[in-house]
Engineer: 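A single structure is presented below for examination.
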Amino acid sequence: MAEVQINSFADIDYDRVDVATDILVLPSGDKFRFSDQVCHNCWAGGTVVESVEGEKKHFYCLLCQNWLRWRQFTNDFIPPVGDQIKFLLPEKWNQSEISEWFAEYREARLAQENVKERILQFGK
């Protein structure tokens with residue numbers, strides 16, 4: 001494990017950084033590591049870094065270049081209905097953008113469930 005000084009997240013030299021172990025250090029002294037979390041805006045793995053210090057984790061997506069925060073929704077469309085589901089979404093989104101994203105997610109997830117049911121019922 002090494003600490004790698006960077007001026008910004010855009011300065012990461014992926015040829016010199018071990019994403020499994022290295023700590024990225026910004027000029028402010030804030031330290032980040034590559035996270036196993038996924039940005040639910042990009043749906044790409046390996047693009048999120050998370051803070052390593054402090055009580056509250058901070059997340060940043062290197063792909064969409066957004067600070068992220070956990071958004072929680074009530075699952076009202078697939079079993080087990082009523083549980084809470086969480087997604088890492090851009091911090092700057094307003095409630096309208098968050099609601100629109102969740103409506104699109106719900107529609108896509110229901111379509112997946114429909115395909116699953118058809119495969120189980122008809123084998124195709």
Engineer: Please report the closest heavy-atom contact between L63 and A44, naming both atoms and the distance.
Structural biologist: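 The pair with the smallest heavy-atom distance is CD2-CB, 3.9 Å.
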Engineer: Measuring from L68:CG to E50:CD, what's the distance to the nearest 0.5 Å?
Structural biologist: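 Rounded to the nearest 0.5 Å, the CG-CD separation comes to 11.0 Å.
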Engineer: So V38 and V48, do their side chains get closer than 4.5 Å, heavy atoms only?
Structural biologist: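 Side chain of V48 against side chain of V38, heavy atoms only: no contact under 4.5 Å found.
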Engineer: Please report the interatomic distance CH2(W70) to CD(E91), rounded to the nearest 0.5 Å.
Structural biologist: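 Taking CH2 in W70 and CD in E91, the distance rounds to 13.5 Å.
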Engineer: Could you tell me if the side chain of F59 sits less than 4.5 Å from the side chain of K57, heavy atoms only?
Structural biologist: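 K57 vs F59: side chains touch.
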Engineer: Does Y14 belong to the same Ile/Leu/Val/Met/Phe/Trp/Tyr cluster as F9, with side-chain heavy atoms less than 4.5 Å apart forming each link?
Structural biologist: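 Linked, Y14 and F9 end up in one cluster.
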Engineer: Indicate if V49 and V4 have the same hydrophobic cluster label, given that clusters are the connected sets of ILVMFWY residues with side-chain heavy-atom separations under 4.5 angstrom.
Structural biologist: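 Cluster IDs for V49 and V4 match.
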Engineer: Apply salt bridge (Lys or Arg N to Asp or Glu O under 4.0 Å) to residues D22 and R16 and explain how you reach the verdict.
Structural biologist: CA-CA 10 Å; D22 286 352; R16 296 183 56 222; over 6 Å; no
Engineer: Give the minimum heavy-atom separation between T74 and F102, together with the two atoms involved.
Structural biologist: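 Shortest heavy-atom separation between T74 and F102 comes out as O-CZ, 4.1 Å.
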Engineer: In terms of hydrophobic clustering (I, L, V, M, F, W, Y; side-chain heavy atoms under 4.5 Å; direct or indirect links), are L26 and I23 co-clustered?
Structural biologist: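 L26 and I23: separate clusters.
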Engineer: Less than 6.0 Å separating the ring centroids of Y105 and F87?
Structural biologist: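 Yes - the distance between ring centres of Y105 and F87 falls below the 6.0 Å cut-off.
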Engineer: When you measure from the side chain of E104 to the backbone of W101, do you find a donor-acceptor pair of N or O atoms at a distance under 3.5 Å?
Structural biologist: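 A pair under 3.5 Å: no.
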Engineer: Looking at Q112, I'd like to know if its CD atom is crowded, meaning that more than 12 non-hydrogen atoms belonging to other residues, nucleotides or ligands lie closer than 6.0 Å.
Structural biologist: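 Above 12, so yes.
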Engineer: Restricting to non-hydrogen atoms, name the atom on F73 and the atom on I98 that form the minimum distance, rounded to 0.1 Å.
Structural biologist: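 Closest pair (atom of F73, atom of I98, distance): CZ-CG2, 3.6 Å.
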Engineer: Could you grab the distance from atom CG of N75 to atom CG of D83, nearest 0.5 Å is fine?
Structural biologist: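 Rounded to the nearest 0.5 Å, the CG-CG separation comes out at 4.5 Å.
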Engineer: If you compare all heavy atoms of Q84 against all heavy atoms of Q72, which two are closest, and at what distance to 0.1 Å?
Structural biologist: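 Closest approach of Q84 to Q72: OE1-NE2, 3.0 Å.
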Engineer: How close do S51 and K56 get, heavy atom to heavy atom, and via which atoms?
Structural biologist: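 Where S51 meets K56 most closely, the heavy atoms are OG-O, 3.9 Å.
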Engineer: Is the count of non-hydrogen atoms from other residues, nucleotides or ligands lying under 6.0 Å from R69 atom CZ greater than 12?
Structural biologist: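 Incorrect, the count does not exceed 12.
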Engineer: If I take atom SG from residue C61 and atom CG from residue L88, how far apart are they, to the nearest 0.5 angstrom?
Structural biologist: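 Atom-to-atom, C61:SG and L88:CG are 9.5 Å apart.
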Engineer: Less than 6.0 Å separating the ring centroids of Y60 and F32?
Structural biologist: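 No, ring centres 6.0 Å or more apart.
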Engineer: Any chance you could measure L24, atom CG, to I6, atom CD1, to the nearest 0.5 Å?
Structural biologist: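 Rounded to the nearest 0.5 Å, the CG-CD1 separation comes to 4.5 Å.
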Engineer: For the pair F34 and V17, evaluate side-chain contact (heavy atoms from CB on, under 4.5 Å) and give the outcome as yes or no after the intermediate values.
Structural biologist: CA-CA 10 Å; F34 281 85; V17 170; 4.1 Å; yes
Engineer: Linking I/L/V/M/F/W/Y whenever their side-chain heavy atoms sit closer than 4.5 Å, directly or via other members, would V19 and V25 fall into one cluster?
Structural biologist: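 Per the 4.5 Å side-chain linkage, V19 and V25 are not co-clustered.
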Engineer: Just checking, any donor-acceptor pair under 3.5 angstrom between side chains of S28 and D30?
Structural biologist: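 Present: a donor and an acceptor within the cut-off.
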Engineer: Rounded to the nearest 0.5 Å, what's the gap from CH2 on W67 to NZ on K92? Could you check?
Structural biologist: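 W67 CH2 to K92 NZ: 13.0 Å, rounded to 0.5 Å.
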Engineer: For the hydrophobic clusters of this structure (ILVMFWY residues joined by side-chain heavy atoms under 4.5 Å, transitively), does one cluster hold both W43 and L110?
Structural biologist: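 Yes.
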